[in-house]
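Written below as structure tokens is the structure these notes are about.
In the text below, chain A, chain B and the rest are named by the order of the sequence lines, each starting its count at 1.
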Amino acid sequence: MDITLQQVEYRYQAKTPFERLAIFDVSFTVPSGTYLAIIGHTGSGKSTILQHLNAILQPTKGQIVVGARKIEAGKKEKNLKDIRRKIGIVFQFPEHQLFEETVEKDICFGPMNFGVSEGEAKKRARQSIELVGLTEDILEKSPFDLSGGQMRRVAIAGVLAMEPDVIVLDEPTAGLDPRGRKEIMELFYNLHKKKGLSTILVTHSMEDAAEYADQIVIMHKGTVYKQGDPEEIFSSPKELVELGLNVPEVIRFQMLYESKMGIEFPKKYLKLDQLTDAIAAQLKEGIGL
Amino acid sequence: MIMKKPIVEIKDVAFRYDHQPSRALENIHMNIYEGEWLAIVGHNGSGKSTLAKLLNGLQFAEEGSISVCGLEISEENLWTVRKQIGMVFQNPDNQFVGTTVQDDVAFGLENNGLAREIMVDRVHNSLKKVKMEEFLNQEPHHLSGGQKQRVAIAGVLALQPAIIILDEATSMLDPVGRIEVLETVRKLKEENVMTVISITHDLDEAARADRIIVMNKGKVYREGTPEEIFQMDKELLELGLDIPFSVKVSKLLREKGIPLIKHHLSESELVTELWTSHYNK
């Protein structure tokens with residue numbers, strides 16, 4: 001299922017004295033099966049875009065096409081259920097939304113809300129709990145007796161049980177320890193690969209964007225600043241730094257090294273292993289002296 | 001040698017949450033010293049945040065005692081202790097009370113009955129320090145998570161406490177915002193001799209602290225300077241943690257035959273060594 005945004009604009013509290021322009025002229029396409037990362041500063045409009053993807057917010061200008069469905073500015077849209085079933089959003093700190101008595105009930109809530117039978121929902125609960133790396137015995141527990149990391153996984157399982165075509169992740173690893181962070185990122189990447197899920201990752205982490213995404217959209221001051229694959233995006237890192245954006249730490253280190261040594265490597269390295277190879281070779285051979 | 005003066009004394013503290021079979025904290029015995037920047041690291045569930053809650057009297061120790069600025073925390077002197085400790089939590093949405101940014105920052109000051117002129121001055125000053133002075137009259141729900149967090153920090157700064165606890169307070173900020181906030185706190189710490197306790201998963205941030213405490217399963221696993229702690233290397237990974245980026249680079253370069261005097265904790269230090277040894281060849 002492709003998703004296309006065309007000249008999307010959104011104003012909070014439009015036509016009131018409190019009106020505020022959050023995003024404008026935002027256009028990009030997420031072809032089916034793509035892993036797309038949206039990066040940008042705090043306040044650059046990332047979260048506002050995210051809320052348009054399943055019509056929590058509707059544009060004040062422009063339109064969004066999700067599969068066969070079009071959402072246009074100025075039209076009162078009805079029957080958004082279908083979009084919301086197909087686009088699963090994992091919000092920041094999704095564990096704050098757990099509320100049921102048992103993990104199983106919590107996971108079943110979403111699918112049943114969309115008309116799935118109880119039997120089918122329970123089957124999906126078992127499948128999705130496994131997908132997130134937990135075991136079936138957790139289904140009978142209260143979600144509130146679990147650790148923070150387990151709660152996060154249960155909340156994610158609840159989104160997966162809806163069997164969405166597209167999964168949208170808003171800073172999914174915030175607050176996790178480094179190991180938990182890595183595990184969650186790998187989990188989504190495997191799902192993306194195995195099930196061909198389109199994945200949209202909203203993140204501050206240039207490292208995650210560089211490592212997992214096929215395509216990167218950089219948001220700046222409410223609009224798309226640049227779009228491309230990681231190689232293209234990070235080939236001119238100085239530009240990003242000038243905008244006050246970060247670059248992956250590997251590239252940041254390469255830039256620091258190059259400026260200190262007064263040399264320039266032929267390309268920008270996205271992998272630390274490659275960069276350290278290049279540095280070691282350069283130091284041993286004395287290139288650039 | 002400079003004598004270090006303890007500002008927080010934690011003595012044999014143990015704590016258990018209601019209905020939980022095992023203790024969240026056990027055998028915690030340590031001092032926190034005036035003016036230091038202490039980073040507390042550990043995996044999720046290691047007891048870091050529980051410890052912070054005990055320091056601020058949000059929970060009380062089951063065993064042992066905690067003193068802040070010479071005063072043992074008890075239900076009676078809770079409010080005196082809280083005047084000394086400002087706390088910034090992870091999720092800014094749970095700590096915003098004002099209808100505008102400046103009202104939010106003023107809230108704590110109003111509770112303390114400060115004169116209006118002092119209040120106005122402090123509100124403006126602290127918002128300036130977190131670079132939110134342009135947002136004085138904005139409503140909180142119009143701010144992004146990171147912006148709200150900077151306002152929350154301003155709210156603490158305005159109260160001028162002796163100690164500030166950052167409970168993963170920067171984990172929701174973007175990298176640039178994170179650096180800004182940490183630099184702000186660092187500057188404040190230096191100017192006002194404020195003690196900073198930073199509970200964090202960000203190992204690059206911990207690398208810049210004066211001292212690090214590693215928590216594991218409710219106990220203090222190790223205590224030391226960043227240099228000492230990051231020697232642990234693989235042991236840290238086994239604890240679910242990580243090592244700072246510049247240490248990773250140092251290790252890889254050594255493996256690839258580049259001699260280095262040590263695993264550097266800062267990138268500029270590492271690059272300087274590479275440069276120096278290169279040109280002395």
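Residue B:D202 does not touch chain A at all, counting heavy-atom pairs closer than 4.5 Å. Heavy atoms of B:L237 lying under 4.5 Å from chain A belong exclusively to its backbone. Only the side chain of B:E139 comes within contact range of chain A, with at least one heavy atom under 4.5 Å from a heavy atom of that chain. Using a 4.5 Å cut-off between heavy atoms, B:T272 touches chain A through backbone and side chain atoms alike. Neither the backbone nor the side chain of A:S47 comes within less than 4.5 Å of any heavy atom in chain B. Neither the backbone nor the side chain of A:E171 comes within less than 4.5 Å of any heavy atom of chain B. Looking at B:E168, the atoms closer than 4.5 Å to chain A (heavy atoms on both sides) all sit in the side chain, from C-beta outward. Using a 4.5 Å cut-off between heavy atoms, A:F18 touches chain B through backbone and side chain atoms alike. Of the atoms belonging to A:Q13, it is side-chain heavy atoms, and not backbone ones, that fall under 4.5 Å from chain B. In this structure, chain A has a heavy atom under 4.5 Å from the side chain of B:L203, while its backbone stays farther away.
Taking chain A as the reference chain and counting heavy-atom pairs below 4.5 Å, the highest number among B:G240, B:G45, B:S46 is found for B:G240. Contact tally against chain B (heavy-atom pairs below 4.5 Å) for A:E183, A:R252, A:K182: the top residue is A:R252. Among the candidates A:G175, A:A22, A:G149, the residue making the largest number of heavy-atom pairs closer than 4.5 Å to chain B is A:G175.
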| request: Evaluate ring pair (Phe, Tyr, Trp, His ring centres under 6.0 Å) for A:F93 paired with A:F91, printing each intermediate quantity in order. | output: CA-CA 6 Å; A:F93 298 95; A:F91 285 100; over 10 Å; no

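Ion pair A:R11/A:E9 flagged as a salt bridge, since at least one NZ, NE, NH1 or NH2 atom sits closer than 4.0 Å to an Asp/Glu carboxylate oxygen. A salt bridge does not link B:E228 with B:R222: none of the charged nitrogens is closer than 4.0 Å to a carboxylate oxygen. For the pair B:E26 and B:R16, the salt-bridge criterion is not met [side-chain N within less than 4.0 Å of a carboxylate O].
Heavy atoms of other residues, nucleotides or ligands lying less than 6.0 angstrom from CD of A:Q97 number more than 12. The 12-atom threshold is not exceeded at NZ of A:K61, counting heavy atoms of other residues, nucleotides or ligands nearer than 6.0 Å. No more than 12 heavy atoms of other residues, nucleotides or ligands shown are found within 6.0 angstrom of NZ on B:K217.
No donor-acceptor pair closer than 3.5 Å links the side chain of B:R23 to the backbone N or O of B:F15.
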